[in-house]
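Taking it in order: structure first as C-alpha cells, then the write-up.
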Amino acid sequence: MPSWLVKSEPNTYSYDDLVRDGRTVWDGVRNNAAALHLKAMSEGDEVLFYHSQDGLAVVGVARVARSAYPDASDPQGRFVAVDLVPVRALPRPVTLAQIKNEPALAGMAMVRQSRLSVSPVTDAERAVIAAMAGE
DNA sequence: GCCAACGTTGGC
DNA sequence: GCCAACGTTGGC
C-alpha cells in the first residue's frame, strides 16, 4: 500500500488541529501535480503530516478517510479534496534536516521538488521514516 | 505556441 | 528578508 506526505503550515493548520478536529477536509490544493497525487489516494492510505515554514518536520501520521471528490472551495470545479483523520503523532518528529542527511531518503519526492504540497512516499521510504521516528 | 514577466511556495 | 524553484499569465 502506497503512502503519501502532505505539507501544512502549522500556523494555518497543524497536526494538533487535526487531532482536535478528529477529521478534516484536505482542500485548497491548486497545483496539478499535487492534485494528481490526491486523486491517486485510496481510502485507508497512510499520510505523513509535515509542518512547513515553522517546524520543518514530519510530525504525525494521518489516514485517508474519503478518497478524492470535487473540492467545494474551487469555483471552477477542477480540483479535488480528500478527507483525513489523525492516526498518531510520531514518537520523535523527523526533521527535514534528518531527511536530507539520510541517503535512503535522498530520492523522496518532497526533497526533489520542494514546493510540492502533496507527494508520494514509497514503502521503503516509509519504513526508514518509521525507524527514524521510533514508531 | 513561445517566452518574458510575474506570483507563490518554502527553505535558509 | 532573500532567493531558488516552478507554475501561470498574457503579449506577440
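Chain identifiers are assigned alphabetically (A, B, ...) following the order of the sequence lines, protein sequences preceding nucleic acid strands; residue numbering begins at 1 within each chain.
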key: Residue pairs involving residues 101-123 of chain A (criterion side-chain hydrogen bond (donor to acceptor under 3.5 Å, both in side chains); sequence neighbours excluded)   = A:Thr122-A:Glu125
query = Got a donor-acceptor contact below 3.5 angstrom from the A:Tyr15 side chain to the A:Pro10 backbone?
reply = no
key: Residue list, side-chain hydrogen bond (donor to acceptor under 3.5 Å, both in side chains) with A:Glu46, at least two apart or on another chain   = A:Arg126
ask   = Should A:Val59 and A:Val118 be regarded as members of a common hydrophobic cluster, given that ILVMFWY residues are connected when their side-chain heavy atoms come within less than 4.5 Å of each other, either directly or indirectly?
value = yes
Are any protein N/O atoms closer than 3.5 Å to N/O atoms in nucleotides 1-3 of chain C? If there are, list each pair with its distance.
none

query = Looking only at heavy atoms, what is the nearest atom pair of A:Asp17 and A:Arg20, with distance?
reply = OD1-NH1, 3.1 Å
query = How large an angle, rounded to 10°, do the end axes of the helix from B:dG1-C:dC12 to B:dC12-C:dG1 enclose when each is built from five base pairs?
reply = 10°
Option from A:Thr24, A:Val85, A:Val87 for which side chain to side chain contact (heavy atoms under 4.5 Å, CB included) with A:Leu18 holds = A:Thr24
request  = Side-chain contact test, heavy atoms from C-beta onward, threshold under 4.5 Å: evaluate it for A:Ile99 versus A:Val58 and give yes or no.
outcome  = yes
key: Nearest non-hydrogen partners of A:Ser73 and A:Gly28, listed with the distance   = OG-N, 3.9 Å
query = So which heavy atom on A:Gln98 is nearest to which on A:Pro93, and how close?
reply = OE1-O, 3.6 Å
message = Who clusters with A:Leu116? Use side-chain heavy atoms, under 4.5 angstrom, across I, L, V, M, F, W and Y, and order the result by chain and number.
response = none
ask   = Which parts of nucleotides 7-12 of chain B does protein reach within less than 4.0 Å, heavy atoms only, written one letter per nucleotide 5' to 3' as B for base, S for sugar-phosphate only and - for none?
value = -BBBBS
